[in-house]
Amino acid sequence: MKNEQTQIPTIDSLGEWKRTDNCGTLRQHHVDRDVILMGWVNRRRDLGNLIFIDLRDREGITQVVFDPQVNAATHEKAHVLRNEWVLAVKGTVVPRLEGRENRDLPTGEIEIKVEEVKILNLTETPPFQVDGAVDASESLRLKYRYLELRRPQIFENFRKRHAIASFIRAYLDERGFMEVETPILTKSTPEGARDYLVPSRINRGMFYALPQSPQLFKQLLMVAGFDRYYQVVRCFRDEDLRADRQPEFTQVDLEMAFVDEKAVMDIFEGMMGALFTRIMDTKIESPIPHLTYQDAMNRFGTDRPDLRFAMELVNITDIADQSDFKVFKGVVATGGMVKAICVKNAAANYSRKMLDEISLVATANGAKGLAWIKIAADKWQSPVAKFFNDETKLALNGRLDAVPGDLILMVADQPAIANAALSALRLEMAQREELIKEGEHAFVWVTDFPLLEYDDAAGRFVAVHHPFTAPVEEDLELLLEHPGKVRARAYDLVLNGSEIGGGSIRIHNASIQETVFEALGISPEEARSKFGFLIDALKHGAPPHGGMALGFDRLVAIMAGVNSIREIIAFPKTTSGTCPLTVAPSPVDPKQLKELGLSINL
RNA sequence: GGGGACGUAGUUCAGUUCUGGUUAGAACGCUGGCCUGUCACGCCGGAGGUCGCGAGUUCGAUUCUCGUCGUCCCCGCCA
């Protein structure tokens, strides 16, 4: 008898059994119903003569009971069941005994009195507990991703992702947008991110590129008269990864003919409002506030400001210049600026050691250091206090609205660095001071971007958005003389300090497009070979058009309340671009390389 | 390409660090037994470790040194 128990149990076939209900729906009013449930063993509680199993599927958990008085053979069989085994149980819904209900479970008023059980599959000892309180390391969870995804709280992220995608599709369908698929094997283009390349076997030595976005194809669809296009589409960029960046990611890509900026922005603004009402049951601020790029940089030091809290950057260059602090004066003399933030009522909370830690945030972003002032009742407590006289102290306090108890952080550097450092400090201090309320969602449009900016590394101007973005009409004449002064008809949608979307009105005039290429330092020959098909298309009746792309993964991550987009991508890659589950990328057979005419040269 | 943190049982960690020493611990999981109302069931017993990998120093390295690999966060990069 004992031997029989230690044998590996046989796996039963499903046979004629049909699932009647899932594990999340049965309630008091289903009592006496004969049911067949199927799912995984979440937990077992073997009391000897009475065995409880929590059976789990994606809809929930139902307790099933094996009682020798119901069926002795079935009860005997149930002793060997283990966590994560796959079961089918046939039985009857019965009410739980008085006082034995489980209030934590939606199905907690009932249980299943099992008459028969089928073991549909066994399992090896799981590498981590699906129903465990402690998390395994992320690489282990990625290697056994199918177990991680079995966890209810993880699964709910994907239910939400699906609901958001469905809603967006319906919203756009109702407004006349057509989903059109565009090529995944396409042409490598200069500008922008590094391409993923795919060698061609039929055309040896030639390469396709995976699209960084369907940008050019959607413009061609506008030329074709499709009028309103959208696509939930995978995009690929061969750049280093981050918590909010994967090499392949999903965009809601959209393009409209015969429109201006407002028409495109209205579509997205309406979509976000309806989406947050439906999925999050919250109203977003309406209309969504606008900031110009200049205002965003001046007030927040970044083009994607987090508006969930204030603590704006304040320019104190003129006051700093009147101090005797050589570092400040030196920076001002070389065209730099001094900016500051005032952390309200924080002076007492930060020791010298903590301020040293905080200054690392500034130096990590390129600043040479951080100057701080603790405002006391009638004096400054600060390493730089001695460089300021009473007048300049008063002026600075006044400029920053600083009152006793406040902490002032200052950075002096070239504008790009001062802004970057203080922008990072602003986020750091908001986190430390817990200024960001749970569940808050602050949208903002950022507009009036420059069309081009000078790239020191490349030694030329590059497109801030992309090379197909239309310049503001009255700035057109500046294009070749003062490229940096031309404004773009571009707009970004920012949510909680994260850029979740961006778009522009496109160039639909071939000669303007050629001029922009010229301003970018792209020769007519190169423009012809790389973008000839676009120029040709623009010459064949391109309508005015514009559009936008939404970073779907980032949006879902924010709506799901998770910190990394890996949490809402079913099979994501690690920060070094590998997949622990499939072990990709991997070497390939030399035969495959030969067919492609490739050889490896490391 | 650069900076930081981490790597010890199946898992999450402690310890070993400054002070190298022969049996490296806990919890959960796994496993054998007992148990008729559990729901993080309980009780008694058991198994389970190249201390990421390599080299060096040393009589002796999980511990010290150097290198390397992996994971995560950040800068650069990402139109």
Side-chain angles (χ1 to χ4, degrees), chain A residues 2 5-6 42-54 61-70 75 79-80 82-84 96-105 107-108 111 123-144 147 189-194 212-213 215 235-247 249 357 360-361 363-367 417 420-421 424 427-428 449 451-453 455 457-458 461-469 488 490 499 502-504 516 520 549 551 563-564 566 573-576 578 580:
Chain A
K2 283 237 162 109
Q5 274 190 28
T6 54
N42 191 58
R43 274 182 186 277
R44 70 192 174 97
R45 292 176 293 280
D46 186 343
L47 275 56
N49 265 327
L50 202 54
I51 301 168
F52 298 94
I53 298 276
D54 290 335
I61 287 175
T62 298
Q63 174 166 286
V64 304
V65 190
F66 296 87
D67 186 336
Q69 289 172 4
V70 174
H75 172 263
H79 276 304
V80 302
R82 292 295 181 267
N83 286 348
E84 301 309 319
R96 297 245 187 139
L97 299 181
E98 187 82 27
R100 302 291 180 184
E101 302 90 349
N102 186 343
R103 303 290 172 207
D104 298 331
L105 230 48
T107 61
E111 62 194 12
T123 179
E124 293 184 356
T125 300
F128 53 83
Q129 286 166 259
V130 171
D131 185 45
V134 283
D135 249 355
S137 72
E138 190 167 359
S139 55
L140 196 74
R141 288 185 285 132
L142 288 180
K143 180 173 178 184
Y144 298 94
L147 295 182
T189 54
E191 305 292 306
R194 197 174 291 115
Q212 295 175 28
S213 84
Q215 179 61 36
C235 302
F236 307 86
R237 292 176 192 176
D238 186 6
E239 297 292 348
D240 288 1
L241 287 77
R242 287 280 198 288
D244 63 351
R245 270 196 239 154
Q246 284 273 304
F249 59 98
E357 263 174 47
L360 291 178
V361 174
T363 51
N365 285 276
I417 289 173
L427 294 178
E428 174 76 19
F449 282 84
L451 186 72
L452 310 169
E453 67 185 350
D455 182 337
F461 279 90
V462 298
V464 169
H465 191 56
H466 59 53
F468 321 108
T469 298
E499 184 203 325
S504 63
V516 168
L520 288 169
N563 287 324
S564 164
R566 289 190 299 270
K573 306 222 170 9
T574 68
T575 45
S576 58
T578 63

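Chain A is the first sequence line, chain B the second, and so forth, proteins listed ahead of strands; every chain is numbered from 1.
- Whole-Å rounding puts the Asp131(A) CG to U11(B) C1' distance at 14 Å.
- Taking atom P in both U68(B) and G2(B), the straight-line distance is 10 Å, to the nearest Å.
- Between Leu50(A) atom CG and C34(B) atom P there is a gap of 16 Å when expressed in whole angstrom units.
- Only the C1' atoms considered, A55(B) is 14 Å distant from C69(B), to the nearest whole Å.
- With a cut-off of 3.5 Å on both Watson-Crick or G-U wobble distances, the partner of C18(B) is given as none.
- In this structure, Glu428(A) reaches neither bases nor backbone, as no heavy-atom distance under 4.0 Å exists between it and the strands shown.
- Of the side-chain N and O atoms in Asn102(A), none sit less than 4.0 angstrom from OP1 or OP2 of G37(B).
- Base pairing analysis places C78(B) opposite nothing; no Watson-Crick or G-U wobble pair with both distances below 3.5 Å involves it.
- Residue Ser213(A) is classed as a base contact, given a heavy-atom separation below 4.0 Å to a base.
- Across all strands shown, Val464(A) has heavy atoms under 4.0 Å from sugar-phosphate atoms exclusively, and none from any base.
- Residue side chain Arg43(A) does not reach the base of G29(B) through any donor-acceptor N/O pair under 3.5 Å, judged by distance alone.
- Of the listed nucleotides (U12(B), C77(B), U36(B)), C77(B) has the atom at the smallest distance from the side chain of Glu239(A).
- Across the strands present, C66(B) finds its partner in G54(B); the criterion is a Watson-Crick or G-U wobble pair with both atom distances under 3.5 angstrom.
- Counting non-hydrogen atoms under 4.0 angstrom, Gln212(A) reaches nothing in the nucleic acid.
- Among the nucleotides C41(B), U12(B), C30(B), the one closest to the side chain of Leu47(A) is C41(B).
- For the pair Asn83(A)/Asn42(A), no side-chain contact is recorded, criterion being any heavy-atom separation below 4.5 Å from C-beta on.
- His75(A) and His79(A) have perpendicular rings, their planes meeting at more than 60° on a 0 to 90° scale where under 30° would count as parallel.
- The residue Asp46(A) sits close to a base: some heavy atom pair falls under 4.0 Å.
- Residue Phe52(A) contributes atom CZ, which lies 13 Å from atom P of A40(B) at whole-angstrom precision.
- When both pairing distances are held under 3.5 Å, G42(B) makes a Watson-Crick or G-U pair with C34(B).
- Between Glu84(A) and Arg82(A), no side-chain nitrogen of the basic residue sits less than 4.0 Å from a carboxylate oxygen of the acidic one, so the salt-bridge criterion is not met.
- Within 4.0 Å (heavy atoms only), Ala243(A) reaches sugar-phosphate atoms of the nucleic acid but no base atom.
- Using the Watson-Crick or G-U wobble rule with both distances under 3.5 Å, G48(B) pairs with nothing in any strand shown.
- Here the side chain of Arg45(A) pairs no donor or acceptor atom with the backbone of Phe52(A) at under 3.5 angstrom.
- Taking atom C1' in both A40(B) and G3(B), the straight-line distance is 42 Å, to the nearest Å.
- A salt bridge links Glu111(A) with Arg96(A): at least one charged nitrogen is closer than 4.0 Å to a carboxylate oxygen.
- What separates CD of Glu357(A) from C1' of A5(B) is a distance of 13 Å, to the nearest Å.
- The listed nucleotides are G29(B), C72(B), G76(B); the one nearest the side chain of Thr575(A) is C72(B).
- Nucleotides U50(B) and U8(B), compared at atom P, are 11 Å apart to the nearest Å.
- Taking atom C1' in both C35(B) and C43(B), one finds a spacing of 8 Å when rounded to whole Å.
- U71(B) is paired with A5(B) under the criterion used here, namely a Watson-Crick or G-U wobble arrangement in which both key atom distances are under 3.5 Å.
- Judged by distance alone with a 3.5 Å cut-off, a donor-acceptor contact links the side chain of Glu111(A) to the base of G37(B).
- Close to U71(B), at under 4.0 Å from its OP1 or OP2, lies a side-chain N or O of Thr578(A).
- Here G29(B) presents its C1' atom at 11 Å from CZ of Arg44(A), a figure rounded to the nearest Å.
- Inter-residue side-chain proximity for Pro247(A) and Lys573(A) is flagged as met; some heavy-atom pair is nearer than 4.5 Å.
- When each of Lys573(A) and Asp455(A) is assigned the nucleotide of RNA chain B bearing its nearest heavy atom, the one mapping closer to the 5' terminus is Lys573(A).
- The CG-P distance, from Leu360(A) to C74(B), rounds to 16 Å in whole Å.
- Put simply, Arg82(A) has no side-chain N or O that comes within less than 4.0 Å of OP1 or OP2 on G29(B).
- Nearer the 5' end of RNA chain B, as judged by each residue's closest nucleotide, is the contact made by Ser564(A), out of Ser564(A) and Asp240(A).
- Distance from the side chain of Arg242(A) is smallest to C77(B) among U71(B), C41(B), C77(B).
- Here, G15(B) and G7(B) have their P atoms 10 Å apart, quoted to the whole Å.
- If you check every strand for non-hydrogen atoms under 4.0 Å, Leu105(A) touches nothing.
- Nearest heavy-atom pair across Cys235(A) and Ser213(A) is SG-CA, 3.8 Å.
- When atom types are taken as modelled, the side chain of Arg141(A) and the backbone of Ala136(A) share a donor-acceptor pair closer than 3.5 angstrom.
- Of all heavy-atom pairs between Ile417(A) and Ala367(A), the closest is CG2-N, 3.6 Å.
- When each of U71(B), C30(B), C28(B) is scored by its nearest atom to the side-chain atoms of Asn83(A), the top-ranked nucleotide is C30(B).
- Between Ser576(A) and the phosphate of U71(B), there is a side-chain N or O to OP1/OP2 separation shorter than 4.0 Å.
- Put simply, Arg566(A) has a side-chain N or O that comes within less than 4.0 Å of OP1 or OP2 on C73(B).
- Contact check on Asp131(A) versus Arg43(A) returns a salt bridge, with a Lys/Arg side-chain nitrogen under 4.0 Å from an Asp/Glu carboxylate oxygen.
- For Arg245(A) and C78(B), a side-chain-to-base donor-acceptor distance below 3.5 Å is present, hydrogens and geometry of angles not being considered.
- Taking side-chain N and O atoms only, Ser139(A) has no distance below 4.0 Å to OP1 or OP2 of G70(B).
- Here the C1' atom of nucleotide G1(B) and the CZ atom of Arg194(A) are 11 Å apart, to the nearest Å.
- C66(B) and A27(B) have their C1' atoms separated by 36 Å, given to the nearest Å.
- Among the atoms of the strands shown, only primed sugar atoms or phosphate atoms (P, OP1, OP2) are found under 4.0 Å from some heavy atom of Pro127(A).
- In terms of polar N and O atoms assigned as donor or acceptor, the side chain of Arg96(A) comes within less than 3.5 Å of the base of C39(B) in a complementary pairing.
- One C1' atom belongs to A24(B), the other to C13(B), and the distance between them is 14 Å to the nearest Å.
- The CG-P distance, from Asp54(A) to G37(B), rounds to 17 Å in whole Å.
- When heavy atoms are screened at a 4.0 angstrom cut-off, Gln63(A) is found touching base atoms of the nucleic acid.
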